[in-house]
Amino acid sequence: MRLDNMLLAEGMSDPEKGRGLAAAAAVAAASGGVGVDNSAEHSDYRVKLSQIRQIYHTELEKYEQACNEFTTHVMNLLREQSRTRPISPKEIERMVNIIHRKFSSIQMQLKQSTCEAVMILRSRFLDARPKRRNFNKQATDILNEYFYSHLSNPYTSEEAKKELVKKCVITVAQVSNWFGNKRIRYKKNIGKFQEEANMYAARTVVYVTNASSQGSQANSPSTPNSAGETGSPWLCSAIQQVPPLCALLQPNS
DNA sequence: TAAGATGATTGTCC
DNA sequence: GGACAATCATCTTA
């Protein structure tokens, strides 16, 4: 019963629907007019689902035909035997029932295999984790600028997060992930990030200098938290191990 | 193609 | 619930 429900949910119970979808999906796939990877994958999924559906119905028809043929064959045999011994209608009915039970158990196996195939297909196409994409250069730049200009306290407030989300065109979770990864990787290997830190710190210095020379306050990144700030535990454990960076980040440098 | 870089996930701690 | 640390999975580069 559960198998039937699942097959019904996947549209397996309607052979015509299967053919129609298969044709539509095949046309979509062949035309190449699929806008995004996702829908391309989904059309591939539909094509494969339709193939499974067709195989299922072909096999089902075959089994039904075989069942009928075998039943007829056994009936004929019984009729032959009835010449030599008396065969009651009950006995014939019993034999037919046995045959039908056998074939329905085979059908059940077919349904089970079909369900398994559909589930594998689903897990491969629909439930699969989306592929990772690197952020674009601009987004990485913005995130790095914020990180290095807030080295003394590289944590994002809700507001800053929202702003970074807007600027980088990524999600809040991605911003949080990025900062989480960055903090850990920076701490683990400050030496490796020194050059990068110097570069972004220099950028910030230039930016702030330009901004102040124009008589305006720097507004990007939001609420710039002077990187030269002292007293932060983070600063102590991280930035102070990079003397050139420290020098660069001194307020009066 | 291997190694390194990087975004995402998971488990743990506070 | 957020931060951290370890790890996974994928991408990029030499």
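Source: prediction; values computed, not measured. Naming: A, B, ... by sequence-line order, numbering from 1 per chain.
Atom P of nucleotide dC4(C) and atom CZ of Arg185(A) are separated by 13 Å, given to the nearest angstrom. In this structure, the CH2 atom of Trp178(A) is 14 Å from the P atom of dA3(C), given to the nearest Å. Rounded to whole angstrom, the span from the CD1 atom of Ile184(A) across to the P atom of dG2(C) amounts to 16 Å. Atom CG of Asp141(A) is separated from atom P of dT6(B) by 12 Å (rounded to the nearest Å). The distance from atom OH of Tyr186(A) to atom P of dC4(C) is 14 Å, rounded to the nearest whole Å. Residue Phe135(A) contributes atom CZ, which lies 12 Å from atom P of dT6(B) at whole-angstrom precision. To the nearest angstrom, P of dG1(C) lies 22 Å from CZ of Phe179(A). Asn189(A) has its CG atom 17 Å from the P atom of dC4(C), to the nearest Å.
Looking at residues two or more places apart in sequence or on another chain, you find a ring pair (Phe, Tyr, Trp, His ring centres under 6.0 Å) between Phe193(A) and Tyr186(A). Listed by chain and residue number, Glu59(A) satisfy the salt bridge (charged side-chain N to carboxylate O under 4.0 Å, His left out) test with Lys62(A) (two or more places apart in sequence, or in another chain).
Side chain to side chain, Asn198(A) and Tyr148(A) fail the donor-acceptor criterion of an N or O pair below 3.5 Å. Inspection of the Asn97(A) and Arg94(A) side chains reveals no N or O donor paired with an N or O acceptor under 3.5 Å.
When each of Asn181(A) and Thr156(A) is assigned the nucleotide of DNA chain C bearing its nearest heavy atom, the one mapping closer to the 5' terminus is Thr156(A).
The shortest distance between the side-chain N/O atoms of Lys188(A) and the OP1/OP2 oxygens of dA6(C) is below 4.0 Å. Of the side-chain N and O atoms in Tyr155(A), one or more sit less than 4.0 angstrom from OP1 or OP2 of dC4(C). In this structure, Lys192(A) reaches the dA5(B) phosphate: one of its side-chain N or O atoms is under 4.0 Å from OP1 or OP2.
Formation of a donor-acceptor pair under 3.5 Å by the Gln174(A) side chain with backbone atoms of Thr171(A) is found in this model. Between the side chain of His73(A) and the backbone N or O of Glu69(A), no donor-acceptor pair lies under 3.5 Å.
Salt bridge Glu158(A)/Lys162(A): absent, no basic N to carboxylate O contact under 4.0 Å.
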Under 3.5 Å, which protein N or O atoms sit close to an N or O of nucleotides 11-14 of chain C? Give each pair with its distance.
from, atom 1, to, atom 2, distance (Å)
dC11(C), O4', Arg132(A), NH2, 3.3

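Side-chain atoms of Gln174(A) lie closest to dA8(B) of the nucleotides dG7(B), dA5(B), dA8(B).
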